[in-house]
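Here's the structure, in structure tokens; my notes come after.
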Amino acid sequence: MSATRYRRFLKLCEEWPRDESKKGRDLGTFLRQRVASAFREGENTQISDPEKCDQMYDSLARINGSVYRQRFPRVRDTSFTGVTVEECRVLLSGSVQQMDDERKGLFKKIMERFSKSPEEVPEKAPEK
């Protein structure tokens, strides 16, 4: 029975899409890593809780099959903020986060300047 579960999870991993724009944060990649660690011995792996394993598979299969998306269709593909799906993808891509990391240098400088105690800040000479 363990071999059947293993094959089902492998098939799910093949079907699950990968998003290359989310390196290190992609759900498909995370799922593949978890399946590899859970089934270290492949088809010969002994599963301690088969019911929980089956529940996890069923839940992931429903998500991958868009069951809830079809059951509860959206009127519009936006969020409460009004951001569209494409705008959301751009914001969550690695390139925007890379720009944020570059900006942190300036932000750190500003925070250091304002976080100094009054004794550390050089006093200005009185104007004449």
Side-chain angles (χ1 to χ4, degrees):
M1 196 65 182
S2 168
T4 307
R5 286 185 181 92
Y6 176 66
R7 285 189 216 114
R8 287 171 52 194
F9 270 101
L10 282 181
K11 186 170 172 45
L12 181 67
C13 286
E14 289 174 5
E15 294 172 359
W16 202 283
R18 282 190 188 176
D19 190 352
E20 296 300 325
S21 68
K22 296 180 183 176
K23 295 203 187 271
R25 303 178 294 122
D26 182 39
L27 184 59
T29 304
F30 177 75
L31 177 65
R32 286 168 179 79
Q33 291 170 350
R34 287 294 303 249
V35 168
S37 68
F39 291 96
R40 289 185 184 149
E41 298 174 22
E43 294 181 353
N44 300 326
T45 303
Q46 296 297 318
I47 299 171
S48 60
D49 191 357
E51 288 180 18
K52 185 177 178 181
C53 182
D54 290 340
Q55 285 176 346
M56 271 194 225
Y57 173 79
D58 292 337
S59 296
L60 290 169
R62 283 192 301 268
I63 292 170
N64 190 42
S66 299
V67 170
Y68 299 108
R69 184 177 188 177
Q70 293 167 0
R71 190 179 297 169
F72 306 105
R74 292 178 159 194
V75 177
R76 295 184 198 105
D77 281 338
T78 61
S79 65
F80 71 94
T81 61
V83 177
T84 65
V85 175
E86 190 56 39
E87 291 170 335
C88 221
R89 278 196 187 110
V90 170
L91 290 172
L92 293 174
S93 72
S95 61
V96 172
Q97 288 185 344
Q98 218 172 22
M99 286 174 24
D100 286 345
D101 289 341
E102 292 170 3
R103 289 182 187 163
K104 281 184 185 175
L106 177 61
F107 182 71
K108 264 188 176 177
K109 289 177 187 175
I110 293 171
M111 288 303 294
E112 286 173 359
R113 186 172 291 167
F114 285 111
S115 66
K116 289 182 181 179
S117 63
E119 297 97 34
E120 294 175 9
V121 178
E123 292 185 29
K124 292 184 180 179
E127 293 182 21
K128 294 181 182 179

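The analysis underlying the following values was restricted to heavy atoms, covering all of them including side chains, and did not include hydrogens, waters or symmetry mates. Being a predicted model, the structure only gives us computed values, none of them experimental.
- Note on residues 63-73: pairs passing side-chain hydrogen bond (donor to acceptor under 3.5 Å, both in side chains), not counting sequence neighbours, are Arg62-Tyr68.
- Taking the side chain to side chain donor-acceptor pair (under 3.5 Å) definition, one finds that Glu15 meets it with Lys11, sequence neighbours left out.
- Using a 4.5 Å heavy-atom threshold, the side chains of Lys52 and Ile47 count as separate.
- At least one side-chain heavy atom of Ile63 sits less than 4.5 Å from a side-chain heavy atom of Trp16.
- Put simply, the side chain of Arg18 reaches to within 4.5 Å of the side chain of Arg32, judged on heavy atoms.
- Glu43 meets the side chain to side chain donor-acceptor pair (under 3.5 Å) test with Arg7; sequence neighbours excluded.
- Here the straight-line distance linking atom CE of Met56 with atom CG of Leu12 works out to 12.5 Å at 0.5 Å rounding.
- Residues meeting the ring-ring contact (aromatic ring centres under 6.0 Å, His included) test with Tyr57, sequence neighbours left out: Phe9.
- The salt bridge (Lys or Arg N to Asp or Glu O under 4.0 Å) check on Asp26 picks up nothing, with sequence neighbours excluded.
- Put simply, OG1 on Thr29 and CZ on Arg34 are 14.5 Å apart, with the number rounded to the nearest 0.5 Å.
- Taking Thr45 as the reference, nothing meets the side chain to side chain donor-acceptor pair (under 3.5 Å) condition, with sequence neighbours excluded.
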Q: List the steps, then state whether side-chain contact (heavy atoms from CB on, under 4.5 Å) holds for Cys53 with Phe39.
A: CA-CA 11 Å; Cys53 182; Phe39 291 96; 4.3 Å; yes
